[in-house]
Amino acid sequence: MDEPLLISEEQNPPSFPSSLLLYLYIGHFLARWGARMWEFCVGLYMINVWPQSLLLAAAYGVVESSSTALFGPFVGEWVDKLSYTQVLRLWLLTQNLSFMVAGSAVVAILIYANLMYTNITAFISLVVLINISGAIAVLSTLAGTILIEREWVVVISEGQTEEVLTNMNSTIRRIDLSCTLFAPVVSGFIISFVSLTASAMTLAIWNVLSVCLQYWLLMSVFNGIPALREVSRKRVSKSSISHENDIERSESSNSRKTIIERFLNLPYISAWRLYIQQDVVLPGLALALLYFTVLSFGTLMSAALEWEGIPAYVIGTARGISATFGIAATFLYPLLHSRISTLRTGLWSIWSQWSCLLLCVASIFMKGKLVSAYMLMGGVAMSRLGLWMFDLSVIQQMQDHVRESDRCIVGGVQNSIQSVLDLMTYIMGIIISNPQEFWKLTMMSFLLVTLAAALYSLHIYRVRRHLLHFEKLLVMFGWSTSI
């Protein structure tokens with residue numbers, strides 16, 4: 001974890017202790033662990049509450065994704081206007097409190113297994129509470145993602161070489177994927193060998209115990225790194241001046257503005273207009289399309305595998321193997337980035353993902369249910385290598401090409417688009433709620449990955465006027481160009 005710091009010391013020695021980076025990574029790990037536990041378990045909770053249908057799992061996904069799609073740009077603007085400490089407090093408080101409430105509601109609905117038949121009002125109330133709490137938790141997690149991944153990492157690495165930012169991005173993503181690896185495995189074993197109720201209680205207790213430690217660790221990072229304090233101070237001053245100027249402009253020009261002009265200047269609309277103006281809009285859209293998929297060990301796929309008779313601990317282990325490929329991507333990405341640039345790393349990554357998903361398409365035509373399920377899990381797991389390298393490539397392009405003053409807003413809109421397409425996945429899950437027809441969702445997902453790869457290839461061609469640089473390919477593989 002100290003690699004970025006060692007590189008930076010050769011260029012411009014940092015003005016803070018190396019232990020603060022460790023604090024940052026541990027705080028990020030604690031926040032991600034709870035989110036990944038919930039992400040894995042919620043689909044299993046819902047399919048258990050209403051067996052033989054993906055409807056409840058899909059409905060939860062609709063609520064969660066639509067909330068991010070609608071409020072994602074507002075979250076980005078909110079993070080942009082508040083000080084770092086204000087964002088940190090609100091993020092940790094709302095995320096952990098929401099997971100505590102959601103976990104407690106799940107415990108209640110699982111303990112009273114016949115509630116659907118004995119007291120439908122109480123049952124619906126608990127389901128609504130689970131959905132709302134989950135949605136709030138996801139929105140607060142989004143705020144934390146923007147704060148750490150789009151702001152703090154960039155500010156800390158400023159003044160250093162590009163490799164410092166590359167390695168910090170890789171480390172942050174590696175932590176996230178490690179949680180994706182281990183949290184489902186731990187949760188799967190608790191579900192399989194103890195009970196679903198025990199896993200929900202574990203989730204609630206985890207958030208109670210970890211919130212104070214998270215806050216102390218991340219506040220230590222903020223207080224110990226001068227650049228973060230300075231940028232936070234400037235952000236508050238800029239926000240105050242901008243607010244005063246906005247009031248003055250509004251008072252002086254309101255009478256002259258048409259209805260259309262007023263509409264276009266609404267914060268929500270202006271955030272989307274700003275996003276569309278970015279040079280990296282095509283890579284952003286390509287990345288967002290990858291969220292319109294059931295091929296991700298997410299809620300719908302986990303519920304479908306549970307219906308197929310795959311034990312929870314097997315699903316959790318398969319998801320862990322999937323995350324292992326993702327962790328490998330965080331090590332491979334800096335190597336490819338140093339050899340073939342950020343743009344071309346993204347190109348190779350997206351088509352690598354596409355190739356692995358051919359196995360998922362092949363699983364549709366297998367007659368044995370178990371063979372088909374294991375082929376599906378294998379294809380999804382292997383595709384994570386390309387997916388997470390592509391994710392890192394697009395994030396770094398946004399960090400490099402989006403102005404500092406626009407980063408939070410653009411990040412909020414990007415997450416909003418991703419959530420819109422994630423929402424579409426769950427809407428399709430409601431329309432095709434019969435687990436026997438899961439193959440239709442699989443094929444749809446594959447076609448959308450194909451579209452994403454084509455869009456990114458178009459972006460590469462627009463920037464470079466060609467897709468492949470054969471001379472660099474030969475050098476990368478150690479072959480002489482004279483062969």
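Count residues from 1 along the sequence.
Considering only residues two or more places apart in sequence or on other chains, F123 meets the ring pair (Phe, Tyr, Trp, His ring centres under 6.0 Å) condition with none of them. Partners of H337 by ring pair (Phe, Tyr, Trp, His ring centres under 6.0 Å), not counting sequence neighbours, listed by chain and number: Y333.
Aromatic ring centres of W78 and F74 lie farther apart than the 6.0 Å criterion allows. Checked against a 6.0 Å centroid threshold, the rings of Y60 and Y426 do not count as neighbours.
Both tests hold for K369 against W307: distance to the six-membered ring centre under 6.0 Å, angle to the ring axis within 45°. Judged by the 6.0 Å distance and 45° axis criteria, R174 is positioned over the aromatic ring of F331.
Between the side chains of T342 and Q397, not a single donor N or O lies within less than 3.5 Å of an accepting N or O. A donor-acceptor pair shorter than 3.5 Å cannot be found between the side chains of S178 and R173. No hydrogens or angles considered: a donor-acceptor pair under 3.5 Å links the side chains of W354 and T450.
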Please table the atom pairs, donor to acceptor, closer than 3.5 Å between any side-chain atom in residues 202-214 and protein atoms at least two apart or in another chain.
| residue | atom | partner | partner atom | Å |
| --- | --- | --- | --- | --- |
| T202 | OG1 | A198 | O | 2.7 |
| N207 | ND2 | L203 | O | 2.8 |
| S210 | OG | W206 | O | 2.9 |
| S210 | OG | Q214 | NE2 | 2.9 |

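Aromatic ring pairs are classed by plane angle as parallel below 30°, tilted from 30° to 60° and perpendicular above 60°; the pair Y313 and F189 is tilted. A perpendicular orientation is assigned to the rings of Y84 and F222, their planes being inclined by more than 60° (bins at 30° and 60°).
Of all heavy-atom pairs spanning S457 and L347, the tightest one is OG-CD1, 3.5 Å.
Heavy atoms from other residues, nucleotides or ligands lying under 6.0 Å from OH of Y112 number 12 at most.
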